[in-house]
Protein chains: 2
Amino acid sequence: MPVAKKNRLTQEQFDAIARAVADPRRFAILKQIAAQPTMGCGSLEEHKTISPATISHHIKELTEAELVEVAREGRCAHLTLRRDVWDAYLSQLSSL
Amino acid sequence: MPVAKKNRLTQEQFDAIARAVADPRRFAILKQIAAQPTMGCGSLEEHKTISPATISHHIKELTEAELVEVAREGRCAHLTLRRDVWDAYLSQLSSL
DNA sequence: CATCCATTTCGATGTGCGTCGAAATATCCG
DNA sequence: CGGATATTTCGACGCACATCGAAATGGATG
């Protein structure tokens, strides 16, 4: 169950997301995760551009910001965007 | 007439805005500018916290991201948020 | 012009973080 | 088990940038 309602972000989480989005490459990764229903292992575009270590780092940042969720299934890692968190971020942003 | 329609952001501008928003203090400044209709000289909260040099720097960043507009009137600097740009940013974000 | 105040510029400093290579760890398959 | 492939961790490096103090600029006013 992916569930989990999220209506308000802590200041800390808000900052984490803002930081996560600020890096173009990380944002590109996030976009791909959002596009795919569930993102399989090494199917990220960035695999051709960036080193595995860096990708892993970015994904870690994204998960720690609670923007994406990781589900390991064998050697595949399924990545899914947490829409609720993303929406919360947008909503908080738009109330500038 | 403050005018100026802005429907689409260049990648460069998008990144600049994302970066600008990523810094908590700078975002706080932006919020105050957004709140006040026109923000007078040294009426920023941050004047008690941050050095003038730093404030000036942040405002420069914000203007270079075209997020705020500066109008000098004597020794006062009027700061206004460019809603069109901000909305464009939000819109672009939400289409993840 | 001289003084005052607000803002900017400049230069220096410290730090956060994106990046990588290499080693460690994990997972699968034969 | 042993080899192959995928991901993570670790350590180091370099750069971008937030921050400041001090000096410079600019505009108002006496």
Side-chain angles (χ1 to χ4, degrees), chain A residues 10-33 36 38-81 89, chain B residues 10-33 36 38-81 89:
Chain A
T10 68
Q11 187 61 40
E12 204 180 13
Q13 198 177 356
F14 181 82
D15 293 348
I17 295 179
R19 244 180 301 116
V21 167
D23 183 75
R25 287 173 141 175
R26 195 156 43 208
F27 185 67
I29 292 178
L30 184 61
K31 271 201 290 195
Q32 284 179 66
I33 295 178
Q36 248 81 11
T38 65
M39 171 59 90
C41 358
S43 34
L44 285 171
E45 269 305 316
E46 275 69 15
H47 261 281
K48 299 150 190 163
T49 323
I50 319 184
S51 91
T54 303
I55 295 186
S56 176
H57 167 67
H58 283 321
I59 291 191
K60 186 177 185 180
E61 293 287 313
L62 290 173
T63 57
E64 278 173 359
E66 295 183 42
L67 266 180
V68 319
E69 220 160 67
V70 185
R72 287 256 157 36
E73 191 155 350
R75 58 190 159 206
C76 267
H78 285 211
L79 306 174
T80 62
L81 170 66
Y89 177 64
Chain B
T10 68
Q11 187 61 39
E12 204 180 16
Q13 198 177 356
F14 180 82
D15 293 348
I17 295 179
R19 243 181 300 118
V21 166
D23 183 75
R25 286 173 145 176
R26 194 157 43 209
F27 184 66
I29 292 178
L30 184 62
K31 271 201 291 196
Q32 283 179 68
I33 296 177
Q36 247 82 10
T38 66
M39 173 59 92
C41 358
S43 34
L44 285 172
E45 270 304 315
E46 274 69 15
H47 260 281
K48 298 149 191 164
T49 323
I50 319 184
S51 91
T54 303
I55 295 186
S56 177
H57 167 67
H58 283 320
I59 291 190
K60 187 176 185 180
E61 293 287 313
L62 289 173
T63 57
E64 279 174 355
E66 295 184 42
L67 267 180
V68 319
E69 221 159 65
V70 186
R72 286 256 159 35
E73 190 153 350
R75 59 190 156 204
C76 271
H78 285 212
L79 304 174
T80 63
L81 170 66
Y89 177 64

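Below, chain A is the first sequence line, B the second, and so on; all start at residue 1.
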(message) I want to verify a distance call: between C/dG18, C/dT8, D/dT7, whose nearest atom is closest to the A/Asp23 side chain?
(response) C/dG18

(request) Report the distance from atom CD of B/Glu61 to atom C1' of D/dT19, rounded to the nearest whole Å. (result) 13 Å

(request) Measure the shortest side-chain to side-chain distance between A/Val70 and A/His78 over non-hydrogen atoms and say whether it is less than 4.5 angstrom. (result) no

(request) Determine whether B/Arg26 and B/Leu62 make a side-chain contact, defined as any pair of heavy atoms from C-beta on separated by less than 4.5 Å. (result) yes

(request) Nearest 0.5 Å please: distance from the CZ atom of B/Arg25 over to the NE2 atom of B/His58. (result) 6.5 Å

(request) Rounded to the nearest angstrom, tell me the gap between atom NE2 in A/His47 and atom P in D/dT8. (result) 9 Å

(request) Flag the pair B/Leu79 / B/Glu69 as yes when at least one side-chain heavy-atom distance between them is below 4.5 Å, and no otherwise. (result) no

(request) In whole angstrom, give the distance that lies between atom CD1 of A/Ile55 and atom P of D/dT8. (result) 10 Å

(message) Quick one, A/Glu61 with A/Ile59, criterion side chain to side chain contact (heavy atoms under 4.5 Å, CB included). Give me CA distance, side-chain angles, the key distance, then yes/no.
(response) CA-CA 5 Å; A/Glu61 293 287 313; A/Ile59 291 191; over 6 Å; no

(request) Rounded to the nearest angstrom, tell me the gap between atom NZ in B/Lys60 and atom C1' in D/dT19. (result) 15 Å

Protein and nucleotides 20-23 of chain D: nitrogen or oxygen contacts under 3.5 angstrom:
unit_1	atom_1	unit_2	atom_2	d
D/dC20	OP2	B/Ser51	N	3.1
D/dC20	OP2	B/Thr54	OG1	2.9

(request) Rounded off to whole Å, could you give me the CZ-to-C1' distance for the B/Arg26 and D/dA18 pair? (result) 8 Å

(request) Check side chain to side chain contact (heavy atoms under 4.5 Å, CB included) between B/Lys60 and all other residues, then give those that pass, not counting sequence neighbours. (result) B/Glu64

(request) Mind calculating the distance between NE2 (A/His57) and C1' (D/dA12) to the nearest angstrom? (result) 14 Å

(request) Answer yes or no: does a side-chain N or O of A/His58 lie under 4.0 Å from OP1 or OP2 of C/dT19? (result) yes

(request) Quickly work out the B/Phe27 CZ to D/dA18 C1' distance and round it to whole Å. (result) 18 Å

(message) Please confirm whether the shortest side-chain N or O distance from B/Arg72 to OP1 or OP2 of D/dA28 is below 4.0 Å.
(response) no

(message) By the definition side chain to side chain contact (heavy atoms under 4.5 Å, CB included), identify the one residue from A/Thr80, A/Leu30, A/Ile29 that meets it with A/Val68.
(response) A/Leu30

(message) Between C1' on C/dG16 and CZ on B/Arg19, what's the gap in Å once rounded to a whole number?
(response) 15 Å

